[in-house]
Amino acid sequence: MSSLSWPLRDGRWRRVFPVSRQSSLYQPTVLNPFIYQVRLGVTDKLRIVLASITLLPLRVVCIFVLAIFAWPCSLFGRLCHYTYGNREPFPSWKRRVSQVMLKVLGRAFFFCVGFIQIKVKGKRAEATEAPILVVAPHSTFFDAVVNIVADIPSIVSRAENADVPLLGPFLHSVQPILVSRNDTDSRKHTIEEITKRATSKGKWPQLMIFPEGTCTNRACLITFKSGAFIPGVPVQPVLIRYPNRLDTVTWTWQGHAASVLTYLTLCQPYTNVEVEFLPVYVPNAEERSDPFLYANRVRSTMATELDVPMTDHTFEDCRLMISAGELTLPMEAGLVEFTKISRKLNLKWDNVRKQLDCFATIASKSKGGRIGIEEFAEHLKLPISPPLREVFALFDRNGDGTIDFREYVIGLVILCSPANTEETVRFAFQMFDIDEDGYITEDEFSSLLRSAFSLHDLDVSQLFKTIDVNGHGKISYETFREFALTHPEYAKLFTTYLDLQRYKAWQSITDDDVDLEKPQKVAPSICEDSCESSDKKED
């Protein structure tokens, strides 16, 4: 960990280690909950080959015959949807017919797939007691098995699922709440519909929600979306487990395709699944007024029962993973625990996405999607020096000698932005403007940087041209300020350089036994303020 200069009460400066990082911004226990690969041994492969010519064809035929019987039944669901839609609940007899029909067909389907037995723990609460069921962890499309043991509740589903042949009519028969991730108003309409149904006092069927909103590898519980908790009504947590020696059901963003997992599952003699209904969670007044607190406490209860950690990943991390892959970075490079980063650093997804572009530009020449000290120096168009090492070490939160995207985002917001003040920019400009004519020439620019880095042959023409966007051969304050505000890492480098200069100056004064009762200032007080605020700012 790098050291910093720090002011003493008597005006002297000494080298100390920086304040400890807040644990709230440390890396999560599970770095990537969106990755899973099936590991097949030699014996597993032989069994799959054997099942492919014996068990698999039999199961495919059974599923095909079941689909033939299911097709006319789906017409009932389509008819009910055309008649009632989602405007009002189905009459009780039609709802019951739909539930029995779907329960029988659904159980037969999962039996054909290999879910011979569905183990159930606990008891499902009635809709009047708990209008909403929250199910986690969500790890596969086979999680639909919970519908069977939960007596076919309504669900919140992607709008695209309603267009799937055969599945769509059955989906409509449970009067789902359909969510479109491409519609900006979809979230608002979804919350309104959830609230309407949850507060209907049993008029609408029970609602089942997967609050994580995306599939994980079940190694942790990621952030729960607040939709299920906004109505402030009691919810019943439901746990789902797949205690199998060979896991062929987990479907994540980095892993096997759905078709591959379906094939592997059909080739297994059987697949175990456990569904556990926990006691109903009744929110207190504080939780009813704060959906995020309510969601987090329910998640904590479920994580304790599952004996897994909690992380602040969310679906937005998946979007960043996809963007990282498109930028030729490893997909996991985009993981930042978006919920935590956005809340603590007040960042929107678009801001983080723009920073990912910049990070990819810097890390493109490195392996593993991380920035080393050489790439960092090349990005700044400056040589490796003590001030640059200081700044790099501040970015490198875990001290592994590299900067990942998460550390890069945190560093820009916590370290660089506070240092990049109007006063710091103006003071830097004044230092470069040696003849005080209001412009910085390339000679003035080179002179100060060569002196600062003690390199008389330092070539800074490329950096000068980058700042001098107009190509005038000189930089005005407005041009300098615009560049500085869009490249905050330079401000932190500048204030760190002044820190080092002050420290060296006071060290030389101490060595010469000069009286320190009235200390001299190496840098004006304006820099002292800016440096202190940036270095001491807590995470």
Side-chain angles (χ1 to χ4, degrees), residues 354-355 357-359 361-362 364-365 371 373-392 394-395 408 411-413 415-502 504-505 521-531 533-535:
K354 290 178 182 178
Q355 291 176 355
D357 288 332
C358 183
F359 178 84
T361 302
I362 305 172
S364 59
K365 296 181 180 179
I371 299 174
I373 185 69
E374 293 80 8
E375 291 82 19
F376 193 67
E378 183 179 352
H379 166 64
L380 297 176
K381 300 179 177 64
L382 292 172
I384 298 176
S385 61
L388 190 138
R389 290 185 184 277
E390 291 272 354
V391 176
F392 182 86
L394 289 174
F395 272 84
Y408 179 76
L412 285 181
V413 177
L415 300 173
C416 299
S417 295
N420 201 22
T421 64
E422 186 76 30
E423 294 172 317
T424 303
V425 173
R426 185 173 295 278
F427 177 63
F429 183 84
Q430 292 172 353
M431 289 191 64
F432 280 106
D433 185 15
I434 299 175
D435 59 7
E436 300 181 358
D437 65 346
Y439 293 94
I440 301 173
T441 63
E442 186 170 350
D443 289 338
E444 291 174 326
F445 192 72
S446 302
S447 176
L448 181 61
L449 289 181
R450 286 170 181 169
S451 175
F453 292 108
S454 300
L455 295 174
H456 300 293
D457 58 346
L458 177 64
D459 183 11
V460 294
S461 57
Q462 186 178 0
L463 178 57
F464 183 86
K465 291 177 181 178
T466 302
I467 303 175
D468 182 22
V469 292
N470 298 319
H472 294 160
K474 57 183 180 179
I475 303 171
S476 66
Y477 175 72
E478 290 72 20
T479 303
F480 184 83
R481 177 180 177 276
E482 183 178 351
F483 177 84
L485 294 180
T486 54
H487 297 78
E489 54 268 49
Y490 283 100
K492 186 60 185 176
L493 181 63
F494 176 69
T495 57
T496 303
Y497 164 72
L498 293 177
D499 261 352
L500 290 171
Q501 293 301 104
R502 283 199 299 274
K504 291 178 181 178
K521 297 284 186 178
V522 176
S525 59
I526 183 66
C527 182
E528 179 182 334
D529 294 338
S530 64
C531 295
S533 64
S534 60
D535 288 341

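Between V469 and T479, the shortest heavy-atom contact is CG2-CG2, 4.3 Å. In terms of heavy atoms, Y408 sits closest to F395 at O-CE2, 3.7 Å. Closest non-hydrogen pair, A377 versus P383, comes out as CB-C, 4.4 Å.
Within the 4.5 Å cutoff, the side chain of F483 has heavy atoms near those of the T466 side chain. L388 places a side-chain heavy atom less than 4.5 Å from the side chain of I373. Side-chain contact between F464 and I475 is present, with at least one heavy-atom pair separated by less than 4.5 Å.
For E374, the side-chain hydrogen bond (donor to acceptor under 3.5 Å, both in side chains) criterion is met by no residue, not counting sequence neighbours. Applying the side-chain hydrogen bond (donor to acceptor under 3.5 Å, both in side chains) criterion to T361, with sequence neighbours excluded, gives no partner residue.
Rounded to the nearest 0.5 Å, atoms CD (E375) and CZ (F359) are 10.0 Å apart.
Within the 3.5 Å criterion, the main-chain N or O of I440 finds no donor-acceptor partner in the side chain of D433.
For Y477, the OH atom counts as densely surrounded, since its 6.0 Å shell holds more than 12 non-hydrogen atoms of other residues, nucleotides or ligands.
Residues in residues 461-474 take part in no salt bridge (Lys or Arg N to Asp or Glu O under 4.0 Å) pair, two or more places apart or across chains.
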